[in-house]
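Predicted model only: the values in this text are computed from it and were never measured. Below, all heavy atoms of this structure are taken into account, side chains as well, without hydrogens, waters or symmetry copies. Throughout, numbering of the chain's residues begins at 1 and tracks the sequence.
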Amino acid sequence: MTNREDMTLTSSGFYVSQEAPIRTDNPVPTPQATPPDVLRCAYMDLVVTDLAASRVFYVDVLGLYVTAEDDEAIYLRSTEEFIHHNLVLRKGPVAAVAAFSYRVRTPEDLDRAVAFYTELGCDVRRNPDGFTKGIGDSVRVVDPLGFPYEFFYSASHVERMSWRYDLHIPGELVRLDHFNQVTPDVPRAVRYMQDLGFRVTEDIQDDEGTVYAAWMRRKPTVHDTAMTGGDGPRMHHVCFATHEKHNILAICDKLGALRRSDAIERGPGRHGVSNAFYLYLRDPDGHRVEVYTQDYYTGDPDNPVITWDVHDNQRRDWWGNPVVPSWYTDASLVLDLDGNPQPVVARTDSSEMAVTIGADGFSYTRSGDEEMPEWKQGEYKLGHQL
C-alpha cells in the first residue's frame, strides 16, 4: 500500500505520488541477471475454437488487416503497424491465450530473457525460427505468475496502412495498445513486473491497504499491461487503440446495424483510470477486446503515479455508469508452453466487485458522502441490473 500521507489529493478526486511503493509479503525473487529491455506489447497469440466466426468478428466487423492466413491460423495487424502482426487467431480445442508477446530493443535482449527466467526457475524455450509466422528468434516462458510470455526482436516488415484511406473504415483500429491480466496477488505481480523494468502509472487501493489493480508501462502511455485482482492466471482483455471517440461510436452503430449488439459488454464510456474513452466487446469465443482512445503521455522519469480509492464509483467509469458483473468475473484461460490450460488459483484478498457492486452504500461520487443516492445504488447491487 502507498501511505496516504505520502500522497497528494488532487482536485479531480484521486491521489498522486512518485513510483508506487506497493509492498508485498510474498515477492518473486529478484534475479541477479539483467532483464530484457522491453519496448512495447507487440502481439497476442490467441486460440479460438471457430476460425471462420473469429475472422468475421476481427476482420469484417472490426476491420483488422489480414497479413496471412491458412486453415489453421490468421495473422492480423492494425493500421499503423509495420511488423507482421498484432494478433494471431489460432484454431484450437479450447479458447485461451497462447502468448502475451513483447518486442525487445536488441537481439541480445533475448539472451537476457533466457538468463532472467532461467534464474527464476521458469519453463524457458527458445526458437531461432520463431513460434509464429513473421516473427524471428523468440523466447517463450511461463513466468512466475503462470502467464505465457514471449520476447522477440526480429520480425518481417509489412506495409503500414496509415495512408490507405481508401480502405479505412469509420471504426479504424490503429495500433495494439495493451494487455490486461488477471492475477490473485496484485502486489506480488507489480513487484515482479518492476523487476522486469515496468513502471506503475495508476493503481486502485483502499484504506486498509488492499491493492485491487495496477497499470504498468514500458512505452510512454498509461500501460502495456495491467494487473487486475481476481482468480488467475487469466487474460482479462486485449486492447486496440483508435484515433477518436467517434471511431468507437461508429463500432457501436455498426454492431447495432448488424444485429450484433450482444457483442457489446460494457460502454461506450470514459474511464477515470487512464482517462481514456473505452468500449468492451466479446468475440465469438468470449475473449474480451477493448477499443480505447485518448489516454495520456507518461514518459517523463518523474511521471506521478495516480492512486484511486476503490470506493470511488468514477474510477472505472468517469460518468459513474455501472460495471456489469461479468466484467469482474469473466476472463480467458491461458496456456502453458505445451498448450495445456493453466490451473486457476482463487484470489484471497478482497474482491473489487464484492466491495463495490455488492456493497450497500460503499461507493461514493464525492468523498465524504455517506452513501450514493438510493436511485443510483440500485445500479450497483447484484440482482438490480436488467
Beyond-backbone contact of [X] with [Y], side-chain heavy atoms, under 4.5 angstrom:
| X | Y | answer |
| --- | --- | --- |
| Cys41 | Leu176 | yes |
| Val222 | Tyr296 | yes |
| Leu281 | Ile251 | yes |
| Val344 | Arg234 | yes |
| Phe277 | Pro268 | yes |
| Leu64 | Leu87 | yes |

State whether a side-chain donor-acceptor pair under 3.5 Å links [X] with [Y].
| X | Y | result |
| --- | --- | --- |
| Asn247 | Glu172 | no |
| Glu290 | His178 | yes |
| Asp295 | Ser274 | no |
| Tyr153 | Asp109 | no |
| Asp283 | Tyr58 | yes |
| Thr30 | Asp195 | yes |
| His85 | Thr67 | no |
| Tyr149 | Ser101 | no |
| Asp137 | Ser154 | no |
| Asp203 | Thr307 | yes |
| Trp327 | Glu265 | no |
| Tyr65 | Glu81 | no |
| Thr228 | Asn180 | yes |
| Gln294 | His271 | no |

Answer with yes or no after comparing the ring centroid distance for [X] and [Y] against a 6.0 Å cut-off, counting only values under it.
| X | Y | value |
| --- | --- | --- |
| Tyr102 | Phe179 | yes |
| Tyr292 | Tyr278 | no |
| Tyr192 | Phe198 | no |

| said: Looking at Phe131, I want to see if its CZ is surrounded by more than 12 non-hydrogen atoms of other residues, nucleotides or ligands under 6.0 Å. | reply: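 Counting other residues, nucleotides and ligands, CZ of Phe131 exceeds 12 neighbours.
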| said: Tell me whether the rings of Phe82 and His157 are parallel (<30°), tilted (30 to 60°) or perpendicular (>60°). | reply: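 Taking His157 first and then Phe82, their aromatic rings stand perpendicular (interplane angle over 60°).
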| said: Going by salt bridge (Lys or Arg N to Asp or Glu O under 4.0 Å), Asp224 matches just one of Arg199, Arg175, Lys219, Arg103. Which one? | reply: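 Result: among Arg199, Arg175, Lys219, Arg103, Lys219 is the only option passing the salt bridge (Lys or Arg N to Asp or Glu O under 4.0 Å) with Asp224.
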| query | For the residue pair Pro304 and Val16, what are the closest heavy atoms and their distance? | reply | CB-CB, 4.1 Å
| Quick one: do Asp312 and Arg315 make a salt bridge, cutoff under 4.0 Å? | no
| query | Does a salt bridge link Arg270 with Asp317, judged by any charged N lying under 4.0 Å from a carboxylate O? | reply |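 Answer for the salt bridge query: no.
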